[in-house]
Amino acid sequence: MTSQTSNARKADGRRADESSGEESGEKSGRSGAQVRLVDLRRSYGPVRALDGLSLDVGPGEFVALLGPSGCGKTTALRALAGLDTLDSGQILVGDRDITHVGANRRDMGMVFQAYSLFPNMTARDNVAYGLQLRRVGSQERRRRAGDLLDLVGLSSHAAHYPHQLSGGQQQRVALARALAVEPQVLLLDEPLSALDAKVRSQLRDEIRRIQIDVGTTTLFVTHDQQEALGVADRVGVIRSGRLEQVGPPAELYDRPRTPFVAEFVGLTNRLHGTAQSGTAEVLGVGVPLLEGSTGSGAVTVFVRPESVQVTPDGKGNGRVLTASFLGSQSTVRVRLDDDTTVLAQVSSAELAHLPPGTQVRVTVAAAPALATRAVR
Amino acid sequence: MTSQTSNARKADGRRADESSGEESGEKSGRSGAQVRLVDLRRSYGPVRALDGLSLDVGPGEFVALLGPSGCGKTTALRALAGLDTLDSGQILVGDRDITHVGANRRDMGMVFQAYSLFPNMTARDNVAYGLQLRRVGSQERRRRAGDLLDLVGLSSHAAHYPHQLSGGQQQRVALARALAVEPQVLLLDEPLSALDAKVRSQLRDEIRRIQIDVGTTTLFVTHDQQEALGVADRVGVIRSGRLEQVGPPAELYDRPRTPFVAEFVGLTNRLHGTAQSGTAEVLGVGVPLLEGSTGSGAVTVFVRPESVQVTPDGKGNGRVLTASFLGSQSTVRVRLDDDTTVLAQVSSAELAHLPPGTQVRVTVAAAPALATRAVR
Amino acid sequence: MAAVTTPGERRGHSLVRWTVLVAVGLYLLLPLLAMLEFSTRGPDSGRTLDAWKAMGTDSELLGAITVSLELALLSVAGVLVLLVPTMTWVHLRVPRLRRLIEAVCLLPLTIPAIVLVVGLAPIYAWINYLFGNSALTLTFVYIVLVLPYAHRAIDAGLASVDIVTLAEAARSLGSSWTRVLLRIVVPNIRGAITSASVICVALVLGEFTISSLLNFDTLQVVINLLGKRDAAVSVAVSFAALVFAFVLLLVLAGASRRHRESAPQDAVKGSVP
Amino acid sequence: MAAVTTPGERRGHSLVRWTVLVAVGLYLLLPLLAMLEFSTRGPDSGRTLDAWKAMGTDSELLGAITVSLELALLSVAGVLVLLVPTMTWVHLRVPRLRRLIEAVCLLPLTIPAIVLVVGLAPIYAWINYLFGNSALTLTFVYIVLVLPYAHRAIDAGLASVDIVTLAEAARSLGSSWTRVLLRIVVPNIRGAITSASVICVALVLGEFTISSLLNFDTLQVVINLLGKRDAAVSVAVSFAALVFAFVLLLVLAGASRRHRESAPQDAVKGSVP
């Protein structure tokens, strides 16, 4: 992963050269800082929002913190920004301990969920605000604000006020504003959650492109696993104030270490099986088990929809409940004879043969899966 | 499509028998009504919310109205419910013209976007409210409210107040409440838009399952194309108060008739090409053109991400901007040498070879596509 | 702000906070303390509760209390019957009239009492002719005076629940407009109705200028008369009225604090149920 | 409700709507009309503008107008300096104190003027000793009286923008708390500050009881005195003050109507840009 990251930053240098010549020297100088969160703890009354969270983020790395609401991911980000207080723990950026530094002297750029632009200022003045506080001259301010609006593709909207911008445009300006002060760390607190699905996925890719461009170390908090997987170098899954698993997207998806990760990252079916010496028999197929699985006895096996195979069969072991066309891929939900419901991914061509009510045979692929002791 | 629908309803009869024996007679009696919207018009000042919208919905059919916000889809639904007034046009349910009937005598069940449960009543009382208005006895009311809460899987929450329920649970209760009065038509006004992505897709499939069960004619308004495609028998794309195209999900996706439909339903790339006698040359590949395409000259061709092929190639015609792992499938965004940006769907295995900055060769599959006269 | 608050900083914050609170508190409480002191002044700079004891025995005073309470109840009933259906209707059916209704209801705020009285005098000549010269006819003026506060409270109530959607849901289930008002709207703005009532009662019990100038013997008028005979008793009654009003305020605060339980999160599960 | 409104139904709705409006309007306007009628009453049941002409020449009246306007300005300044930083601070840093601040600020609503005066008398003995016996010392009482309204307005202002997020954004960009207050909060609640000021001015110009009982010659007191000498002039002045207050109300309505332009929708495009 580190090699990919440094590749990315090399590519960045090149891209910057192409797009805005005179800025390039500045930009390549701006390399990301290392961030270390050490054993962060924070309680609100009886609730432990952070319960010993530790995380290292490499220079220039893009890490997503993923978890359900209330898991502590936002508290961690806000503590890093200095907007929330900690009970104990340490925050290091580069070699500097900033645990006791005020939010206005932390040198971080933050993008909030929504509506964080100053309504009384134009887009340009919003972007320039941080520079003004740093006593940058008005000519220079104007120029740099212009460059950053250009970077987010909004140079033509510099004179617009926030209420004249769409949600997606507002978040672009917020991103430009956060980057204008050339922060050591960029913090993104669910910046896409208030947007429409299509704008969301477009802006997600754009944030990633810009981050590769400028090379700032970035933390991205989200509750949406698609977003986290699609954008980050590494994803940390947080649960009840602790890090449950951290790793590159593909690793989390293919080799989840706990049932929580298996269910929270991607869609998963819970199927009954019987385990023996590293293999579980599920629907008549032997499935190799991942590290951390329960090795013997009755188990619940976590199987991805794309590992479930469904074929029409009058003597099959299930019946289609619903069939959903989703474009390039589709899904069917099947009720098995033992009353469990299974979600399977099928090609849209197969879908035509699987209308609701069809009797089908369901099997699984022999892809490695996680298993835990069966509950019932 | 009609055959699939009637299949679905046959399946329904069977399912109802299995699940709640004594109710089944009643349920199969409750077949959906035919709905006809004829040339609906409605202006708000200079804005034409409905501009001659006509639509026929078959008995028991599930039709989704899809469009961007402000396109008139909600106005159409509300006019059908009697909650908005029309300037002209006619609404027929079964053989009855209800254009001039009050909202409280239309016999429709409606589920709203959110927060429509009566906060001062329990879930059971909410579901029973419509029955109470119809002077159903209190014993019978209680029984039927219980049956419907059972149908949406919330029988254990009957005594809860709305503020004690999650968003998804509230919408389930709202669905039960709408179905309790055994309406001729079920209207769903963006019922999932306030929910989290995962709850949304679960509830979407559940709504479909229940609709197949009870067989009520259903109109579903949404701005989310995934939702519309995944749940409906037919989807109507609405733009500026008119129906742009209506058809089964796969037809809209594979054979869009206008650029608007191509771009609004599913993700689409706009690529430059040259058309001649029903074929367009795009990135060196001959792509057959769909009906309604511009047949000759410089054209813009609308190509799905899954029809774009990307392979690493040091002498290729593009460079990877961002790579997004999305689980079973992934996407890369590539900037071509002519500065257009292309989104391609790739398998997650290929993704490892396509980090940002990689030089790649981009080609397209020869799947039929829509083309329009190039703008620039 | 530091991420980990040091004890010194915490102390600093508390200091600022408490200074502000104490300053504001003193500013408002000093008059009350002065009243308490005055009403318990005995002869030879001693303390006595004579003034407080006298309160229960003065028949004129008791009569005034009765009249003021009756006035309070009538005003509450009147203002609710006037505002709740009107505002609900405007809210649901003609939202563009909301601004107008608000402006009309705020008007009395800017009309000084003396102006009202001068303008009302001729009207009260008729009213007294029609209804007799009862203090209860003050109800009409008090309803006007209470309008701004009652409007605010009910408007906030209507805004706090999505009354439009609730009404539409009830309509589509077959409910008539009357049922929508009584079964859906009223139960869900109960807190706001309580607020409006409490403010109304407090204002009516405290009103002096108009009843005095129109020569009706309401509580405050009698307190003032008493004040000329026995200042200590007058201040004691005022203090009692104030405490009563304060209790009402607490009721109001309590009413608006209801319904605070938090809703559960959607269970986040990737697995198929 | 029919889906297509028939002309008859439309007429029905308008009728209900206009009946309600006219009834409420009459209820509030009758006093005003009575005033206008009274102030232009001439000898022999004719009409005259003498009372209106007399307004500009009475030096006592002009002096009272000056004093009342000065009081209004001082009260506005005082209440803003007291409330804006305090409420901002509470909003941003100690939200759990919001209820307390609200309760404290609402208190004056329930304290009748007469009670205030009785309690204030001893305090005013000191104040007059310290600041001299100027009517401007009334500012202190007026600030208390205005608190509930000013609090409402500023609270609504702070609630209408997400001041917490804006302040956090400014802080993370390097802004000090003072700058947050002056550069971020104040410009974004300008409408609310205008409302608070206008209500404050209207209330000060209309206040009678306290200034009368404390023997200060403010506008309403002089109007009342005039009324005993020449009722017509008194009513004319009242009417003028009322119109002035009404204009202020319109300013308030206008201020709260700003920033109403609609934001554009996100371009809905499936194509890659």
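In what follows, chains are A, B, ... by sequence order, proteins preceding strands, each numbered from 1.
Interface remark: L117(A) contributes backbone atoms only to the contact with chain D (heavy atom separation under 4.5 Å). For chain D, no part of A174(A) is nearby; none of its heavy atoms comes within less than 4.5 Å. Heavy atoms closer than 4.5 Å to chain A are found in both the backbone and the side chain of A170(D). Only the side chain of Y129(A) comes within contact range of chain D, judged by heavy atoms closer than 4.5 Å.
Scanning all heavy atoms of the two residues, the minimum distance from P119(A) to L166(D) falls at CD-CD1, 3.6 Å. N120(A) and P187(D) make their closest contact through ND2-CB, 3.2 Å (heavy atoms, listed as atom of the first residue, atom of the second, distance). Smallest separation of non-hydrogen atoms from T165(D) and S116(A): CG2-CB, 3.5 Å.
Counting heavy-atom pairs closer than 4.5 Å to chain A, the top-ranked of the candidates S172(D), S175(D), S176(D) is S175(D). Here R78(A) is the residue among R78(A), Q113(A), H160(A) with the most heavy-atom pairs under 4.5 Å with chain D.
By the 4.5 Å heavy-atom criterion applied to side chains, E168(D) and M110(A) are not counted as neighbours.
For the 3.5 Å distance criterion, the side chains of Q132(A) and R179(D) fail to qualify, holding no donor opposite an acceptor.
In this structure, the side chain of R134(A) engages the main chain of L173(D) through a donor-acceptor pair within 3.5 Å.
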